[in-house]
There are 2 protein chains.
Amino acid sequence: MGNEKIEMAHGAGGRMGGALLDEVIMPALGNPILEELHDGARLRVSGNIAFTTDSYVVKPIFFRGGSIGRLAVCGTVNDLAMTGAVAKYLSLALVIEEGFSIDELKNVLADIHAAADEANVKIVTGDTKVVGHGAGDGIYINTAGIGEIIEGSDISPRNIKPGMDIIVSGYLGDHAATIMAARHSIDLPDTVQSDAAPLCDLVKVMAEAAPHIAVMRDPTRGGVAATLNELARQSQVGMLLDEEKIPARDEVMGVCELLGLDILELANEGKLIAIVPHDESENLLRAMKSHRHGKNAAIIGRTTSEAKGEVGLKTRLGAIRVVEMPLGSIAPRIC
Amino acid sequence: MGNEKIEMAHGAGGRMGGALLDEVIMPALGNPILEELHDGARLRVSGNIAFTTDSYVVKPIFFRGGSIGRLAVCGTVNDLAMTGAVAKYLSLALVIEEGFSIDELKNVLADIHAAADEANVKIVTGDTKVVGHGAGDGIYINTAGIGEIIEGSDISPRNIKPGMDIIVSGYLGDHAATIMAARHSIDLPDTVQSDAAPLCDLVKVMAEAAPHIAVMRDPTRGGVAATLNELARQSQVGMLLDEEKIPARDEVMGVCELLGLDILELANEGKLIAIVPHDESENLLRAMKSHRHGKNAAIIGRTTSEAKGEVGLKTRLGAIRVVEMPLGSIAPRIC
């Protein structure tokens with residue numbers, strides 16, 4: 001199956017589907033649990049578990065720093081990490097458009113395998129469907145994930161109190177800027193690429209450095225603005241960010257200016273926000289900076305007892321503006 | 001959100017996505033675990049678990065006897081049941097095409113809720129993505145499922161030995177015939193409708209009646225022909241079916257004749273095949289017939305030490321023909 005295309009029959013559960021599985025999918029992902037080829041995988045887990053799902057419809061499928069395959073692993077691993085769980089097992093479901101190149105499929109699968117290795121997670125069960133030409137757009141991927149909850153972890157918006165520090169793990173907006181630049185044919189220097197990365201290991205380091213982290217979230221769709229507005233609303237505390245402290249690359253800020261985007265609304269795929277008691281934040285920041293996925297971490301603001309449920313930004317000029325929940329139309333299919 | 005349509009912004013993680021969640025999705029599915037609205041659900045499970053995933057791309061979305069929503073719950077619950085597990089938790093991921101009717105979405109969600117109740121399973125985590133007009137086809141659904149493995153159950157093709165009986169739980173082909181008839185505008189009597197149903201309860205009854213069931217499978221895509229060929233190949237035993245004993249409705253056989261289809265290749269969504277030692281099969285059949293999802297169960301054949309890895313059919317005329325693994329093109333997007 002070299003220079004070939006996906007046909008409808010690859011998705012209909014017969015010989016051609018079997019050949020796709022045996023010759024393309026299994027060699028790319030193969031592991032003993034997946035090879036049992038049951039309708040479902042049998043797994044051993046201990047303690048409480050976390051369970052999450054995400055579909056990935058990013059366009060373009062391949063981009064600097066990653067692909068839909070890398071995203072599909074990292075995104076779900078990170079969702080588990082944000083609930084205080086270590087990702088163990090992923091499912092992988094492909095919806096492929098008729099005519100999609102089997103070589104490109106192999107590249108997507110290779111990225112999935114590599115990212116799964118990096119995140120120390122196993123793909124244990126899967127599914128492939130094919131839809132007609134024009135009823136999809138290349139490939140859509142769903143991954144669901146099971147993780148083991150780290151004992152003692154208690155991650156919940158309920159834990160957010162006034163006077164805590166808001167930390168972000170690094171430069172904002174790299175993923176969205178890379179995708180938007182590709183769509184608008186904007187040249188970016190090599191330093192800017194998608195930040196898609198599994199954050200499970202960083203989270204482990206953070207949990208050790210700061211036992212009372214109130215909440216962690218990965219600011220994907222809707223960016224920091226959406227994530228913090230949601231947390232502010234749920235916890236009914238206020239949040240005040242300091243524009244000067246927000247870490248972002250000049251080139252990404254340039255893309256924002258060019259396209260009229262707000263850095264706080266840009267999606268990230270390898271960053272997290274943590275809200276943590278003030279007396280643990282310096283220790284936490286030091287631990288994060290020692291990790292390769294946290295070396296540009298920064299305290300960007302704090303929670304307040306005023307402006308309950310709202311997020312404010314102290315601008316470079318000293319004014320305070322409200323950071324609104326984005327309406328949601330700036331960047332479709334960013335992940 | 002009455003007579004409205006899905007817009008791109010509903011999938012971009014901001015205010016409009018939040019409104020869709022708060023006003024449409026949560027009211028339709030709401031339960032306490034889902035309402036925590038974490039990036040993932042925290043769950044308690046005991047013992048070993050089974051994990052499975054399936055995407056659903058059936059066309060049309062609504063059909064007699066069900067919808068893509070009912071299918072998305074039953075299919076995944078059944079995959080878990082076939083591994084000897086009782087489904088506990090489902091994830092739900094929607095990929096919706098821009099312009100899809102929000103009223104139709106509500107109907108799909110209502111079917112999901114009803115089927116989840118029927119199967120005694122909870123939707124605990126979810127995701128919604130929107131793709132542009134022409135990059136999808138209404139709605140695609142992925143469900144992943146977690147089930148608790150029934151203690152002592154050992155369901156594996158390795159357990160299949162010659163001389164066992166092959167049992168099917170009821171009339172074959174109802175689901176595929178319903179879908180194909182709808183696509184080809186063939187009138188069918190009201191008795192024929194999709195058989196989509198959760199089989200977890202039937203499986204429990206079966207496990208009690210016959211402790212040594214070797215394997216169970218739900219013959220979905222590719223039908224009984226694909227399922228038995230796969231099992232014959234994996235176990236390297238032969239299988240011989242008796243055409244006279246295969247349960248199918250006359251109207252469904254009529255659709256097969258009209259469209260040139262083989263009843264053994266038609267997808268089922270509420271049927272299972274069990275292979276069981278001969279000395280337990282009568283007891284098992286009796287138990288199945290007492291259950292509403294097994295009342296038309298029948299022994300349709302047996303495993304043999306000849307023709308290893310192959311499936312044969314003794315026709316009504318007494319000849320034996322080989323039942324091939326379907327190529328896979330007869331019925332795209334059947335589930």
Side-chain angles (χ1 to χ4, degrees), chain A residues 8-18 38-45 48-55 57 79-80 82-83 85 89 91-93 95 124-127 129-132 134-137 140 142 144 146 149 217-218 220-222 226 325-333, chain B residues 8-18 38-45 48-55 57 79-80 82-83 85 89 91-93 95 124-127 129-132 134-137 140 142 144 146 149 217-218 220-222 226 325-333:
Chain A
M8 291 304 291
H10 282 123
R15 255 184 293 160
M16 287 188 61
H38 238 294
D39 280 336
R42 289 170 162 237
L43 309 171
R44 195 177 303 268
V45 291
N48 290 341
I49 63 169
F51 182 32
T52 190
T53 187
D54 253 321
S55 297
V57 298
D79 278 348
L80 289 173
M82 297 309 116
T83 67
Y89 304 110
S91 64
L92 175 68
V95 174
V124 293
T125 187
D127 177 54
K129 292 290 189 307
V130 178
V131 295
D137 192 7
Y140 299 146
N142 177 281
I146 294 176
I149 292 178
R217 286 285 166 93
D218 53 337
T220 56
R221 281 183 290 178
M325 175 63 99
L327 187 62
S329 53
I330 59 155
R333 296 184 55 186
Chain B
M8 292 303 292
H10 283 122
R15 252 183 295 159
M16 285 188 61
H38 241 293
D39 280 336
R42 289 169 161 236
L43 310 171
R44 194 177 304 267
V45 290
N48 291 341
I49 63 168
F51 183 32
T52 190
T53 187
D54 253 319
S55 296
V57 299
D79 279 349
L80 290 171
M82 296 310 114
T83 68
Y89 303 110
S91 65
L92 176 69
V95 174
V124 293
T125 186
D127 178 53
K129 293 289 190 306
V130 178
V131 296
D137 191 9
Y140 299 147
N142 177 281
I146 294 177
I149 291 178
R217 285 289 165 88
D218 54 338
T220 55
R221 280 185 290 177
M325 175 65 100
L327 187 64
S329 53
I330 58 153
R333 296 183 57 188

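Computed from a predicted model, the values in this text were never measured in an experiment.
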Side-chain donor-acceptor pair under 3.5 Å between Asp127(B) and Thr53(A), yes or no? no

Identify which part of Asp54(A) has an atom lying under 4.5 Å from any heavy atom of chain B, answering side chain, backbone, both or neither. both

Hey, is the main chain of Thr83(B) close enough, under 3.5 Å, to the side chain of Arg42(A) for a donor-acceptor pair? yes

Which residue out of Leu92(B), Thr220(B), Ile146(B) racks up the most heavy-atom pairs below 4.5 Å with chain A? Ile146(B)

Listed partners of Asp137(B) passing side chain to side chain donor-acceptor pair (under 3.5 Å), at least two apart: Lys59(B), Arg333(B)

Specify which of Ser55(A), Ala93(A), Gly134(A) makes the most heavy-atom pairs with chain B at under 4.5 Å. Ser55(A)

Under 4.5 Å from a heavy atom of chain A, the part of Ile149(B) involved: side chain

For Asn48(A), check side chain to side chain donor-acceptor pair (under 3.5 Å) against everything at least two apart and list the hits. none

Could you tell me which of Ala226(A), Gly17(A), Gly136(A), Gly222(A) has the largest number of non-hydrogen atom pairs under 4.5 Å with chain B? Gly136(A)

Out of Gly132(B), Ala85(B), Ala50(B), which one racks up the most heavy-atom pairs below 4.5 Å with chain A? Ala50(B)

Sort out for me which of Ile49(B), Val45(B), Val130(B), Asn142(B) touches chain A most, counting heavy-atom pairs under 4.5 Å. Ile49(B)

Below 4.5 Å, heavy atoms only, C-beta onward: do Thr125(A) and Tyr89(A) meet side chain to side chain? no

Side chain from CB out, backbone as N, CA, C, O: work out which of these in Val131(A) comes under 4.5 Å of a heavy atom of chain B, or both, or neither. both

I'd like to know if the side chain of Thr52(B) and the backbone of Asp79(B) have a donor-acceptor N/O pair within less than 3.5 Å. no

